[in-house]
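Whatever order the structure lists them in is the order used to number ligands and atoms, beginning at 1.
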Amino acid sequence: MPAVDTIVAVATPPGEGGIGIVRLSGPQAVACLGKVFRSKITSPAEMECRRLYLGHLVNGRDELVDEVMAVIMRGPRSYTGEDVVEVHCHGGAQILRSILDLFLEQGANMAGPGEFTQRAFLHGRLDLAQAEAVIEVIRARSARACRVAAAQLDGCLSREIYRFSGKIKEALALLEAHIDFPDDEVGELDLVTLLDPLHRVAEEMRVLAASFDLGRVLRDGINVLILGRPNVGKSSLMNAILGESRAIVTEVAGTTRDTLEEQLVLAGFPVRLIDAAGVRDTEDPVEIEGVKRARDKASSADLVLLVIDGSVALNDEDRLALELCHPEKTLIVINKSDQAQQCDTAGLAGFEHRVAVSAKYNQGLAELGEAIVRHLAEDSSLAGNEGVIITERRHRDALLNGIVALDRLFASTVSAAPRECLAMDLREALGALGRITGETTPDEILEQIFSRFCIGK
Ligand code: GDP
């Protein structure tokens with residue numbers, strides 16, 4: 001095995017902050033600290049584990065670099081499983097850069113993205129599903145997404161996967177006994193005993209794979225598009241929903257030409273709210289492009305809020321906007337409910353989900369919020385589920401591969417295929433599950449996973 005180097009990185013985000021943290025991991029981490037840290041209390045070699053020590057970092061000329069707190073966490077009981085050092089310094093870009101340089105001069109190497117967590121995985125401190133959850137916790141865009149990621153980091157998903165693979169291993173052991181020894185020695189193979197637990201596992205794997213529909217929404221959020229002809233009040237609605245005035249409200253028709261996006265959280269789901277360009281049948285090239293984009297966005301959005309002006313009759317531009325939308329993922333927002341209503345709802349036939357609001361006077365917004373959440377809940381039958389949820393497509397695909405192998409085994413038992421074939425299917429299912437926890441994940445996939453991480457994690 002090649003000698004392991006000692007890595008160093010800034011663990012806190014760029015910019016100014018009260019505290020910045022530089023982190024080292026590897027066999028030379030404590031020695032590197034020893035060369036640059038001066039404390040009245042003790043020398044780094046004698047520092048107690050997991051205790052913060054106040055001291056000075058000094059450069060090669062013994063000049064003060066910063067007053068810091070340093071802590072060492074000796075392997076194997078550390079995040080990476082190696083000796084880890086953290087230096088808590090002042091949180092400025094230059095001071096962090098100087099401290100990083102100091103450790104690079106002592107022989108540490110710059111850590112790659114996710115290298116600390118990769119080392120934790122390689123040393124068995126975390127399995128792969130847990131390691132992936134680290135970045136999910138960091139990137140979570142809603143409290144609910146964060147809870148799901150934290151549960152995965154805590155091993156919730158991994159325990160499910162190990163439970164499935166445990167059952168499959170039991171079946172494989174039973175089968176192998178009947179392959180290795182004649183039936184008159186180990187008794188007749190009882191297919192019910194073999195298959196019953198596997199049917200249950202396959203069903204549970206199916207449910208877990210299906211939770212990806214919700215997991216994807218929790219992780220990536222949903223795109224809600226605000227669509228409608230000019231002047232119906234789209235920008236006003238966006239502002240009203242956000243409670244701030246970032247979109248420009250204007251009296252002139254056709255001025256909201258570019259899409260504006262805002263992020264918010266609705267019922268625990270991250271939502272990207274997009275104000276599309278006004279939909280209008282026009283020769284203006286800018287607007288034609290806008291309409292084209294609106295059409296594309298309407299088809300890719302998870303939900304369209306189609307705004308119409310309730311104070312006037314529907315016109316051709318409204319009908320054009322309606323044509324762009326799929327009724328099942330469209331919520332009609334009848335705006336300007338503060339004015340006398342002229343809108344002929346017969347023209348909205350086929351679009352069953354409707355809410356009346358006044359964006360200008362903040363009326364009906366609670367009902368609108370509820371209608372959006374209802375749509376989300378309908379969209380995913382698991383909306384209230386806080387159990388084990390998968391958020392990675394990779395995990396879903398591995399589960400589906402495992403299910404395919406088990407289904408093949410079920411079919412083979414009907415056709416009385418040789419036992420070796422059944423054992424092969426079981427091994428394939430185990431291999432698929434192992435790709436989730438990392439036992440059987442190819443190196444290039446591991447590289448890909450950790451390259452998505454930030455440096456210092
Ligand atoms: P957009 O072109 O669809 O984005 O429409 P705007 O949000 O720019 O609004 C167009 C006009 O309608 C502005 O004069 C708004 O003040 C007005 N407006 C928007 N919502 C309401 C509403 O609920 N009631 C009334 N009375 N006027 C509104």
Side-chain angles (χ1 to χ4, degrees), residues 223-264 266 271-327 329-345 347-348 351 353-372:
N223 294 334
V224 176
L225 182 73
I226 304 184
L227 196 68
R229 67 169 170 81
N231 250 14
V232 287
K234 295 182 299 298
S235 313
S236 309
L237 182 69
M238 178 125 165
N239 290 344
I241 293 175
L242 292 166
E244 58 171 77
S245 52
R246 189 146 154 219
I248 309 145
V249 182
T250 161
E251 298 284 337
V252 188
T255 14
T256 314
R257 283 183 174 168
D258 215 348
T259 50
L260 286 172
E261 296 196 6
E262 291 284 356
Q263 310 273 348
L264 70 152
L266 265 178
V271 170
R272 189 177 308 123
L273 197 59
I274 307 155
D275 180 359
V279 173
R280 173 188 241 196
D281 222 350
T282 171
E283 291 306 309
D284 177 340
V286 179
E287 293 245 330
I288 288 173
E289 185 51 33
V291 172
K292 185 182 169 302
R293 251 187 290 155
R295 193 185 294 277
D296 293 345
K297 293 240 171 195
S299 55
S300 64
D302 298 295
L303 174 67
V304 177
L305 301 184
L306 180 60
V307 188
I308 59 168
D309 181 345
S311 69
V312 294
L314 287 181
N315 66 19
D316 286 347
E317 289 177 338
D318 290 312
R319 282 185 274 275
L320 169 67
L322 281 163
E323 270 173 32
L324 300 180
C325 301
H326 300 287
K329 59 172 192 174
T330 302
L331 185 58
I332 304 282
V333 183
I334 306 173
N335 189 30
K336 310 198 185 180
S337 63
D338 55 289
Q339 299 198 325
Q341 296 297 285
Q342 306 287 334
C343 173
D344 169 20
T345 48
L348 303 173
F351 290 85
H353 308 292
R354 300 175 200 168
V355 187
V357 303
S358 169
K360 189 166 181 174
Y361 297 103
N362 286 333
Q363 289 162 7
L365 294 177
E367 289 80 357
L368 175 61
E370 282 164 23
I372 295 174

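Distance CZ/R319 to CG/L348: 10.0 Å, rounded to 0.5 Å. From L306, atom CG reaches atom CG of N335 across 11.5 Å, with rounding to the nearest 0.5 Å. Note that CG of L324 is 8.5 Å distant from CG of L322, once rounded to the nearest 0.5 Å. The line from NZ of K329 to CG of D302 is 7.0 Å long, rounded to the nearest 0.5 Å. Taking CG of L264 as the start and CG of L242 as the end, the distance is 6.0 Å to the nearest 0.5 Å.
The shortest N or O to N or O distance between V357 and ligand 1 is not under 3.5 Å. Every N/O-N/O distance between D275 and ligand 1 stays at or above 3.5 Å. Taking only nitrogen or oxygen atoms, main chain and side chain alike, N231 reaches within less than 3.5 Å of ligand 1. At under 3.5 Å, a nitrogen or oxygen of A359, whether backbone or side chain, sits near a nitrogen or oxygen of ligand 1.
Taking every non-hydrogen atom of K234 and a distance limit under 4.0 Å, the qualifying atoms of ligand 1 come out as 1 (P), 2 (O), 3 (O), 4 (O), 5 (O), 7 (O). Close approach to S358 involves these atoms of ligand 1, each under 4.0 Å from a residue heavy atom: 22 (C), 23 (O), 24 (N). When each atom of ligand 1 is checked for a heavy atom of Q339 under 4.0 Å away, the hits are 26 (N). Distances below 4.0 Å separate heavy atoms of D338 from the following atoms of ligand 1: 22 (C), 23 (O), 24 (N), 25 (C), 26 (N).
Using a cutoff of 4.0 Å between basic side-chain nitrogens and carboxylate oxygens, K336 and D309 are scored as salt-bridged.
Residue L237 does not touch ligand 1, judged by heavy-atom distances below 4.0 Å.
With sequence neighbours left out, the side chain to side chain contact (heavy atoms under 4.5 Å, CB included) criterion links S358 to S337, D338, K360, Y361, Q363.
For the residues A240, S235, G310, S236, the heavy atom positioned nearest atom 15 (C) of ligand 1 is part of S236.
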